[in-house]
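As structure tokens, the structure follows; a few thoughts come after it.
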Amino acid sequence: MISNEHFLLLGKSSTDACSVREDHRIVGHLVGCLPRLPRQNISLGLPLQLLKEEAALLIQRGLAKVITDDSSLPLPNQEEVEKFVEKREDLYNDQRSSRREERKQVVLKHASKVLEGKKGKKRKELKKREEKGEHVTAEEWKAIDAMELDVDAMLNHNLQRENSFIQIHTATPELHRRREDIEFEWSFPATNADKLRCAAFSELWCRGFFLTSAGKFGGDFLVYPGDPCRFHSKYIAVCLPEDQKFTNLDMTSIARLGTAVKKLLILVDEMLKYGMYTSEKQTPLVPLPGSIQKWNHSSHSY
Amino acid sequence: MAARYLRAEELGSNIAKFCSPDLPQGSGLKSDEPDGSWLQAKQIDHYHRERKELLNEERVQVSKTLTKAQWDPVAQKVEVISKAMHQFWKVMGHVEEGRFWLQPEEALFLMDEGVVEIYHGEVPLSLQQAYGMFLNCSTLPPERYQVYSHLCRLGYIVRRHVPACGLRMTTAPKVDDEQMKEESSESTSQIKRKLSESDVDTKRIKESTTEECVVDQTAKLSVADAWSPVPKDQRVCKKSHSWNFAEINFPDLSVVEDKVMTLPSLPSDLLPSGISRDEPTKYRPNRYKQPAEADASDQMEFSCDAFNTSPVENASNWQEWKTQSRHKCNNALVDLVHNGKTKPLVDSVVGDSHQVLSRLQIFKPLILPEKSEDACTPSSPVSPVFDVHLPNANFKKTNPGTPDLRVCVYRQSEMVPDLSQIVKLSELYEDNVLLQWAVVDNGDVAFYSFNQIDLPVDLTD
């Protein structure tokens with residue numbers, strides 16, 4: 001699996017985005033337009049943007065690599081251009097023949113009806129001529145019975161080039177690849193805060209949870225017991241880097257946060273010790289080893 | 001399934017899906033805990049299968065409805081080669097030297113939407129390559145693109161922020177004459193260059209009525225230069241020639257409405273000795289003194305001996321005059337004023353009007369630190385990135401009008417701008433356009449805005 005510098009995962013194929021979620025419990029965030037319905041924000045499409053922590057975890061486990069951006073992509077050489085032109089021409093011809101084939105199927109399906117119709121038309125013509133007093137020979141009547149459908153003549157409708165379909169590729173096909181991937185040298189995590197976030201992410205991930213970013217809630221991660229498509233997040237993880245002061249006031253505010261969003265609060269400190277802080281009614285169901293403290297918080301007193 | 005060309009038959013079937021688009025329904029109501037049941041597993045599996053199918057879809061377009069464009073790595077923009085009819089032309093793109101251009105974010109979004117095919121050389125780019133090439137921390141940070149595409153998908157008309165539009169001009173600092181001359185010649189040359197470069201019309205910058213005026217009134221700031229830093233001296237310069245305000249016709253509002261202010265009669269002991277006032281009379285504020293009416297309106301007379309007796313001083317500038325008059329005040333006026341029962345609120349020793357004002361103010365206004373000075377320049381990090389217009393059929397690229405929103409883009413990990421920067425930024429614009437702060441958290445866009453509120457004041461004691 002390949003991600004670029006901004007952790008936008010397109011991978012070698014679209015299945016990468018599915019397999020990180022299904023096989024590796026990495027959720028990410030889809031940020032592109034959905035091809036079938038681009039102008040909406042409800043359901044989005046590729047690329048899948050990964051959290052830095054998600055990317056770090058995948059790299060650490062050898063499941064993905066980060067490559068540099070294509071900003072210095074070389075111009076295609078003559079051979080590559082020819083290959084592309086040839087490919088597009090082939091596709092056009094294929095489309096022509098497949099369109100022709102489709103039409104042939106339709107024509108053959110209705111061939112008997114069409115033939116009947118044509119015969120009927122001819123007969124009417126002859127009848128009219130007889131009524132006018134013209135002489136119609138028996139051979140002419142016979143010729144109508146012997147009429148056959150010329151399928152090929154009906155198919156000489158040709159597909160215009162401007163009506164042919166063109167694909168806009170999401171991931172780069174082999175034909176368009178113009179240079180080898182250069183691995184991006186990524187120094188992450190560098191700061192203490194990042195290291196803590198990374199450690200917390202991989203620790204919780206190892207326990208079998210699904211994690212997403214909790215920026216909107218004011219925490220670090222939302223922790224889901226199962227796939228986020230089916231389950232509510234149960235915990236909200238907040239990292240407490242050592243170099244930042246953590247006062248009682250902060251404690252109160254994040255405990256309030258936990259109560260307000262109906263999630264159990266997981267506090268992670270530098271030593272990767274966990275504190276589980278619960279709001280009034282809930283009790284932690286997943287036992288976490290290490291120093292677990294339980295602290296019942298109610299909005300009235302504690 | 002690796003990235004590949006769709007086969008001819010698949011192209012057609014893909015198009016058919018676009019004709020009747022519907023979104024997957026999701027996996028129903030969420031529950032709190034996985035219970036390991038068959039039903040839950042089935043629901044998740046169904047969701048995954050639907051998702052996979054959805055993500056596997058490729059963009060397919062009929063050739064004649066596809067706009068073809070070429071990436072220009074030098075200009076960092078996309079030039080349109082062949083235009084297909086599409087409504088995006090109403091709101092996107094710009095013209096430069098008779099060529100049609102798309103900004104990288106516009107091009108990338110249109111490509112994502114499946115209406116533009118972008119070539120690099122003779123071969124079209126894949127979306128993957130385009131993302132890699134266009135998203136660049138210096139020209140187009142990914143957060144900006146994400147906010148842009150988020151708003152575009154919702155149907156808003158999003159343009160790069162043009163710094164000149166709606167700027168409050170009177171707050172500009174004054175510059176010395178010599179420095180100013182240099183700057184103005186420099187800026188006019190820049191303007192000339194700009195004029196030759198582009199013929200896209202944008203708004204003319206509003207002129208201020210004070211002694212400062214805008215040099216590049218006729219300059220056409222193009223959308224192309226929207227994000228390029230505009231030096232401050234180019235926007236505002238001190239006026240070099242004087243205007244005869246008597247020749248400029250300002251509407252005289254006081255004539256239409258009978259706005260008459262009557263001054264209340266004052267007890268004579270409140271006035272300093274030696275100053276008397278005539279009958280309370282009608283006084284018209286904001287009225288330009290007409291020569292014919294001058295006599296009639298000039299009924300207020302002051303008879304202050306101290307003013308009359310002092311000889312007229314010759315001073316070459318205000319500074320000199322101020323020191324002279326202050327000197328005089330110290331001698332004569334101070335005694336005169338301070339002798340009576342009523343004394344002035346402010347010492348006359350304080351000559352500067354700013355000092356007087358500061359003494360009169362009981363509540364001190366927010367004092368902004370000096371370092372926020374650079375916040376006004378559009379090149380500083382705190383500056384709107386996009387002008388957002390509501391969907392509008394009559395929208396014109398050449399004359400977009402006042403935007404409905406201005407959007408600043410921030411990353412979740414970035415520091416919140418300090419109060420002085422926010423205040424400076426909101427003071428920079430005189431139209432009351434809402435300033436929104438888009439905060440991007442791993443592809444998730446949230447919008448925030450700061451509102452000023454007045455705390456109620458209880459005046460009873």
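Computed from a predicted model, the values in this text were never measured in an experiment. The basis for the numbers below is simple: all heavy atoms, side chains too, and nothing from hydrogens, waters or symmetry mates. Chain letters run A, B, ... following the sequence lines, proteins first, then strands; residues in each count from 1.
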Please identify each residue that fulfils side-chain hydrogen bond (donor to acceptor under 3.5 Å, both in side chains) with B:Asp32, with sequence neighbours left out.
-> none
Heavy-atom pairs under 4.5 Å with chain B, option from A:Val81, A:Asn41, A:Asp227 with the top count | A:Asn41
Let me know if B:Glu113 has heavy atoms under 4.5 Å from chain A in its side chain, its backbone, both or neither.
-> both
Test item: B:Lys397 side-chain N/O and B:Trp89 main-chain N/O as donor-acceptor pair under 3.5 Å | yes
Is the side chain of B:Lys30 donor-acceptor paired with the backbone N or O of A:Pro228 at a distance under 3.5 Å, no angle test?
-> yes
Inter- and intrachain pairs under salt bridge (Lys or Arg N to Asp or Glu O under 4.0 Å), touching residues 439-450 of chain B, at least two apart = A:Lys216-B:Asp444
Hey, does the side chain of B:Gln436 reach the backbone of B:Phe447 with a donor-acceptor pair shorter than 3.5 angstrom?
-> no
If one checks every heavy atom of B:Val445 against chain A at 4.5 Å, the contacting part turns out to be backbone
Between A:Arg88, A:Gln167, A:Gln95, which residue shows the highest count of heavy-atom pairs closer than 4.5 Å to chain B?
-> A:Gln167
Does A:Arg25 reach the main-chain N or O of A:Phe209 with its side chain, forming a donor-acceptor pair under 3.5 Å?
-> yes
Picking from B:Ser149, B:Gly443, B:Ser413, B:Gly121, which has the most non-hydrogen pairs under 4.5 angstrom with chain A?
-> B:Gly443
Residue, of B:Glu117, B:Gln40, B:His120, B:Gln412, that accumulates the most heavy atom pairs under 4.5 Å with chain A = B:His120
Top contributor to chain A interface from B:Gly155, B:Cys152, B:Ser126 [non-hydrogen pairs under 4.5 Å] | B:Ser126
Mark yes or no: A:Arg99 above the aromatic ring of A:Phe165, with NZ or CZ under 6.0 Å from the six-membered ring centre and no more than 45 degrees from the axis.
-> yes
Comparing B:Leu154, B:Val116, B:Leu108 against chain A, the one with the most heavy-atom pairs below 4.5 Å turns out to be B:Leu154
With a 4.5 angstrom heavy-atom cut-off, which part of A:Lys83 approaches chain B: side chain, backbone, both or neither?
-> neither
Top residue by heavy-atom pair count (under 4.5 Å) with chain B, among A:Leu30, A:Leu75, A:Asp94, A:Ile42?
-> A:Leu75
Under 4.5 Å heavy-atom distance to chain B, tell me which part of A:Arg96 shows up: side chain, backbone, both or neither.
-> neither
Shortest non-hydrogen separation from A:Cys239 to A:Asp220 and the atoms involved = N-OD2, 2.7 Å
When you measure from the side chain of B:Glu143 to the backbone N and O of B:Arg411, does any donor-acceptor pair fall under 3.5 Å?
-> no
With only heavy atoms counted, which part of A:Ser164 is less than 4.5 Å from chain B, the side chain, the backbone, both or neither?
-> both
Using a cut-off of under 4.5 Å for heavy-atom pairs, which of A:Arg161, A:Gln160, A:Glu101, A:Gln40 has the most such pairs with chain B?
-> A:Gln40
